[in-house]
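Atoms within each ligand, like the ligands themselves, are counted from 1 in listed order. Side chains included, hydrogens not; waters and symmetry mates left out as well; all remaining heavy atoms used.
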Amino acid sequence: MSNLPIKVLVPSLPSVDQIEPYLRRIDLARVYSNFGPLATGFAQRLGGLTGANSVTLTSNGTSAIEIALRLRALPNRRLCVMPSFTFVASAHAVCNVGLTPAFVDIDPVSLVLTPEIVEATLPQLPELPAVVLVISAFGAPIDQESWARFQTRTGIPVVFDAAAAVTALSHVGDAPVCVSLHATKVLGIGEGGAILSSDPKFSERATAMTGFGFMGAERTSAIRGGNFRISEYAAAVGLAALDALPAKVDMLRNVALAYRTKIEATGRRARLQEGAGDWVTMSLNIIVEPEDVQATIAKLDAQKIQWRRWWGLGCHLHPAFADCPSFGLDSTNKVAPTVIGVPCHDGLSAEDIDRIVACFPIATHAPKVHERLPAGDLIEQDVSML
Ligand SMILES: *Cc1c(COP(=O)(O)O)cnc(C)c1O
């Protein structure tokens, strides 16, 4: 087998040729920003893709989360309950809008916060939270129904950070869903984001906040906001990215399924995230047992296979968030080190995937040749030797 280095992520955005027809429309219209025709068309197609009634485009995923939190957080409360296990952008967004993260645990199997975890933690909090920020794990679908019931039951609003999950949504309910269009996400446009909602009134306010709070035709700041719009040039890339999306989703699905097949066929003590391949991601993870972590990453390193802990070991361990309170992070501390981001892009051959999967431990070790077996037992071959 080859010993060439393998990169963990190689983004692919639309080519100049794919973007060009849209750029020509900008030349003709001579509108360059401020909710121009391309941005409007892009927002509409994004709504079609995700099943959202209304779409607010933003300059990136982080600003989408900030705006959604500003609109949804209950006034006069300080805390935002959120999992520590997420990309640090989520915690930055919470702090930027003046809230304090209250870091809580995740379910060790699904890797996400659940309503049960929040409800069990509520009595430990010094005060009622302003909002709960729920994260999609690396692009996995989110359980919007059970969070809608949580919202009704507790009166605490929910915001979804579904940054990597734009192709894993089939509908959008009452709670806003924030997505990222960063180059490293499935629908990458370079920098960009969106807030998806079922409520046109909410989206009208969110969209106004991306453009200095102007509402209606007058140049009057009705609410506080800023400048979080995308230019027509970014929207041109977005429209071309939507054209190319079906092929990209197919490619990512095939990579995930190739991993799944190889992991199963060679009996690895490792798993993909639940359903990975049914939904797609640019940051595919293989999850191992805690005792297998060190040996696995040593093998990957020795093979020059780049790997990454996309979310690190949790926000609570970053110096920037060291002073934020946390409430029981046992599963986070146990599981975060075991989530290993593996190469996932269109440059991988079947042989590359064989080489990567071979770094992961075998589920059961075959008896050594000199070990005596009880009569009648089958000798399983050690597939790592194949
Ligand atoms: C990518 C990501 C973000 C940030 O999105 P940007 O567009 O880079 O600002 C936020 N949260 C999660 C979970 C992400 O994966």
How close does the nearest protein non-hydrogen atom get to atom 15 (O) of ligand 1, and which residue and atom is it? Lys185 NZ, 3.1 Å
Grouping I, L, V, M, F, W and Y whenever their side-chain heavy atoms are under 4.5 Å apart, do Phe87 and Val335 come out in a common cluster? yes
Does any N or O in the side chain of Ser198 come within less than 3.5 Å of the main-chain N or O of Gly173, such that one atom is a donor and the other an acceptor? yes
Would the Phe85 and Trp311 ring centres measure less than 6.0 Å apart? yes
Ser90 to ligand 1, any heavy atom closer than 4.0 Å: yes
If we set the cut-off at 4.0 Å for heavy atoms, which region of Thr86 has an atom near ligand 1: side chain, backbone, both, or neither? side chain
Heavy-atom proximity to atom 14 (C) of ligand 1 ranks first, among Cys178, Gly188, Ala163, Ala137, for Ala163
Salt bridge flag under 4.0 Å for residues Asp243 and Arg45: yes
Can you tell me how the ring of Phe103 sits relative to the ring of Phe321, calling it parallel under 30°, perpendicular over 60° and tilted otherwise? perpendicular
Who's the nearest protein heavy-atom neighbour of atom 11 (N) of ligand 1, and how far? Asp161 OD2, 2.8 Å
Can an N or O of Ile135 be found at a distance shorter than 3.5 Å from an N or O of ligand 1? no
Of Ala164, Ala89, Ala91, the residue with the heavy atom nearest atom 4 (C) of ligand 1 is Ala89
Looking at atom 9 (O) of ligand 1, what's its closest protein heavy atom, distance included? Thr62 OG1, 2.6 Å
Has ligand 1 got any nitrogen or oxygen that is less than 3.5 angstrom from a nitrogen or oxygen of Trp311? no
Indicate yes or no for a side-chain donor-acceptor contact from Thr281 to the backbone of Phe138 under 3.5 Å, with no hydrogens or angles considered. yes
So that I can tick it off, tell me whether Glu119 and Arg153 are bridged by a salt bridge, with the cut-off set at under 4.0 angstrom between side-chain N and carboxylate O. yes
Regarding ligand 1, does Ser180 bring an N or O atom to under 3.5 Å of one of the ligand's N or O atoms? yes
